[in-house]
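Per chain, numbering begins at 1; letters A, B, ... match sequence-line order.
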Amino acid sequence: MPSIVHLDLDAFFAAVEQRDKPSLRGKPVIVGGVGTRGVVATASYEARVFGVRSAMRTAEARARCPHAAYLTGRFAAYRITSRAVMAVLREVSPLVEPVSLDEAYVDLAGDASRDLSVAGVEELAAALKERVREVTGGVTASVGAGTSKLVAKIASDLRKPDGLLVVEPGTETDLLHPMPVGRIPGVGPATAERLRRIGVHTVGELARAGEPDLVAALGRAHGHALARLAMAEDDRAVVPLRESKSISAEDTFEHDIVDPAMLAVIIDRLGTRVSERLTRERLSGRTVTVKIRLFDFTTYTRSATLAGPTDDVRVVNRLARRLLAEVDTSAGVRLLGVGMSGLADWVQEDLFGSAAGGELEADLAARKADDADLVEAAGRPQVVQGPRAAEVADEAGLAATADGVPREPEPPRWSAGQDVIHTEYGPGWVWGAGLRRVTVRFETAATGPGPVRTFGTDDPDLAPYTPLTWDPGQRVSPKVSATARPASPAP
DNA sequence: TCTGGGGTCCTAGGACCC
DNA sequence: TCTGGGGTCCTAGGACCC
């Protein structure tokens with residue numbers, strides 16, 4: 001039965017930008033690093049016409065397509081939209097495995113009553129595509145389905161963008177065998193080259209090659225796996241909840257850094273980012289890894305493992321600095337990274353016995369509620385609020401540095417003027433397709449319910465990014481509620 | 001103006017233990 | 001004193017994915 005579905009959002013980041021900025025629709029849009037060392041994360045299909053591709057250096061993209069819009073990512077917006085898509089998929093089956101923000105597998109076999117004929121799955125896939133378009137405000141998806149993850153993924157690839165293909169059971173190898181080996185996920189340039197050297201160019205040739213030869217050329221695990229995939233043998237399950245195995249943060253600098261004091265500051269900042277994520281996600285880890293890329297792109301990692309897991313920023317930073325010192329950085333560093341692995345579900349409170357248990361549960365409930373708020377959001381005008389507003393705003397690029405030189409994030413401010421609200425005390429920031437007017441009610445501890453104010457603009461290009469502003473007089477723990485509505489009735 | 005940032009999985013060698 | 005395997009953990013690097 002073709003019970004595995006793969007859904008892939010088309011040119012996702014660029015599509016979200018085009019949704020939120022109507023002036024970009026129909027035009028080349030490139031999302032990625034915009035600095036001299038940036039690379040393309042996503043190019044809209046209009047940009048791909050000019051040969052712009054993911055992972056291409058932005059400099060080359062600019063040469064090929066100078067008139068494109070070059071944007072840094074707004075990951076909070078992508079995340080909100082992604083969650084809405086995943087929610088749609090979970091309406092169909094609980095067995096949903098997100099691969100990334102823009103990709104997921106669904107296993108339909110959980111529901112015995114479902115029509116899993118090719119026609120039945122085609123109908124379902126078409127309905128999914130339509131629902132995705134609705135909840136995302138117009139982002140299209142490509143959907144593939146088949147008897148395995150491999151076939152479903154290749155099927156969605158074949159029909160993108162905005163396509164649909166259900167591979168009839170029994171025809172898998174007919175589809176796969178003429179393809180170049182590089183179409184198989186997991187076969188990159190290095191593997192393709194090794195295969196070429198033993199005379200294997202297509203999946204059919206891969207299937208005919210003996211497994212011993214493949215293992216000799218590629219190693220035990222990879223050789224075995226590819227031999228099976230080539231014959232469309234793939235029993236990998238759709239796994240709904242994957243626990244993360246590592247957390248890391250890294251920065252590439254616009255200019256190579258030599259000053260050891262500067263490097264120490266940066267390594268601390270990266271370690272702090274990692275620690276904060278660990279704490280937020282109620283994880284801790286045992287192995288700290290520092291990544292150092294020198295001016296000439298030679299890359300070192302140095303790691304050390306603690307006796308027990310921690311999320312303590314002091315421990316992480318001390319260890320990270322020590323590991324950094326093991327590498328000669330005097331010629332210049334272009335990238336630094338800090339990572340934590342050996343993760344365990346472990347929180348500091350556990351150290352002090354079960355007394356903190358109730359508090360912990362409350363925290364978890366609060367986090368769940370936050371997530372629910374975000375899920376609500378996609379495709380509609382939205383206020384992001386609560387403890388994670390700062391994080392969300394940060395991801396949205398509001399705190400991004402313009403010149404790529406890392407610096408400490410600015411503390412939350414409450415001032416008149418054009419400040420975008422992105423502090424944990426405020427309502428967050430406003431985002432949404434078709435947003436025009438936002439009504440905000442201020443309430444402070446000192447004054448009680450306060451004035452109602454309306455924010456907004458009639459410029460359709462600016463509207464989705466409407467910032468909220470207010471006066472310094474309202475800075476006392478303001479409690480703010482906001483409603484946002486489109487300027488015109490929803491179609 | 002060469003080559004991002006977040007991950008996963010695998011390999012290979014050495015230490016160490018039984 | 002020349003000789004085992006097997007298992008696990010740790011470290012460094014590399015391929016690959018989105």
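- With both ends at atom C1', the span from C:dC17 to B:dT1 equals 27 Å, rounded to whole Å.
- Residue-level contact check: A:Ala63 touches neither bases nor backbone, having no heavy atom under 4.0 Å from any strand.
- Comparing B:dG4 with C:dC16, their C1' atoms sit 15 Å apart, to the nearest whole Å.
- With its glycosidic angle more than 90° from 0, C:dC2 adopts the anti conformation.
- Distance CG/A:Asp259 to CD1/A:Ile266: 9.0 Å, rounded to 0.5 Å.
- The residue A:Tyr300 sits close only to the backbone: its heavy atoms come under 4.0 Å of sugar-phosphate atoms, none of a base.
- Backbone-only engagement by A:Leu335 is indicated by non-hydrogen atom pairs under 4.0 Å involving sugar-phosphate atoms exclusively.
- For DNA chain C, the contact window with chain A, defined by any atom under 4.0 Å from a protein heavy atom, covers C:dC10 to C:dC18 in 5' to 3' order.
- Residue A:Gly186 is classed as a sugar-phosphate contact, given heavy-atom separations below 4.0 Å to backbone atoms only.
- Nucleic acid contact class of A:Arg220 (heavy atoms, under 4.0 Å, all strands): sugar-phosphate only.
- Residue contacts shown for A:Thr289 are absent, as no nucleic acid heavy atom lies under 4.0 Å away.
- Look at A:Arg133 and A:Glu130 and you find a salt bridge, because one of the NZ, NE, NH1 or NH2 atoms lies within 4.0 Å of a carboxylate O, short of that distance.
- Figure legend: A:Arg37 and A:Phe253 shown without cation-pi pairing, the cationic atom not lying both under 6.0 angstrom from the six-membered ring centre and within 45 degrees of its axis.
- The stretch residues 193-213 of chain A does not touch DNA chain B, since none of its heavy atoms comes less than 4.0 Å from the strand.
- Between the A:Glu205 side chain and the A:Thr202 main chain, a donor and an acceptor come within less than 3.5 Å of each other.
- For A:His67 and A:Phe50, the gap between ring centers is short of 6.0 Å.
- Of the residues near DNA chain B, A:Ser246 and A:Arg57, the one whose nearest nucleotide (by heavy atom distance) lies more toward the 5' end is A:Arg57.
- In summary, A:Lys129 and A:Asp10 do not engage in a salt bridge, as defined by a charged side-chain N under 4.0 Å from a carboxylate O.
- Among the protein residues, A:Val40 comes within range of no part of the nucleic acid, since none of its heavy atoms lies under 4.0 Å from any strand.
- Comparing A:Lys245 and A:Gly219 along DNA chain B, the residue whose closest nucleotide (by nearest heavy atom) sits nearer the 5' end is A:Lys245.
- Contacts of A:Arg37 with the nucleic acid, taken as non-hydrogen atoms under 4.0 Å apart, involve only primed sugar atoms and P, OP1 or OP2.
- If you check every strand for non-hydrogen atoms under 4.0 Å, A:Lys153 touches sugar and phosphate atoms only.
- Shown here, B:dC9 forms a base pair with C:dG14; the pair counts as Watson-Crick or G-U wobble because both key distances fall under 3.5 Å.
- Both the sub-6.0 Å distance and the 45° axial angle are satisfied by A:Arg48 relative to the ring of A:Tyr45.
- Under 4.0 Å is where a charged nitrogen must lie from a carboxylate oxygen, and between A:Asp311 and A:Arg277 no such pair does.
- Taken from CD1 in A:Ile292 to CD in A:Glu326, the straight-line distance is 8.5 Å, to the nearest 0.5 Å.
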Quiz item: Could you go step by step and tell me if A:Arg131 and A:Glu134 meet the salt bridge (Lys or Arg N to Asp or Glu O under 4.0 Å) rule?
Solution: CA-CA 5 Å; A:Arg131 280 286 289 147; A:Glu134 283 168 21; 3.2 Å; yes
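- At a threshold of 4.0 angstrom between heavy atoms, the contacts of A:Thr191 are confined to the sugar-phosphate backbone, with no base atom among them.
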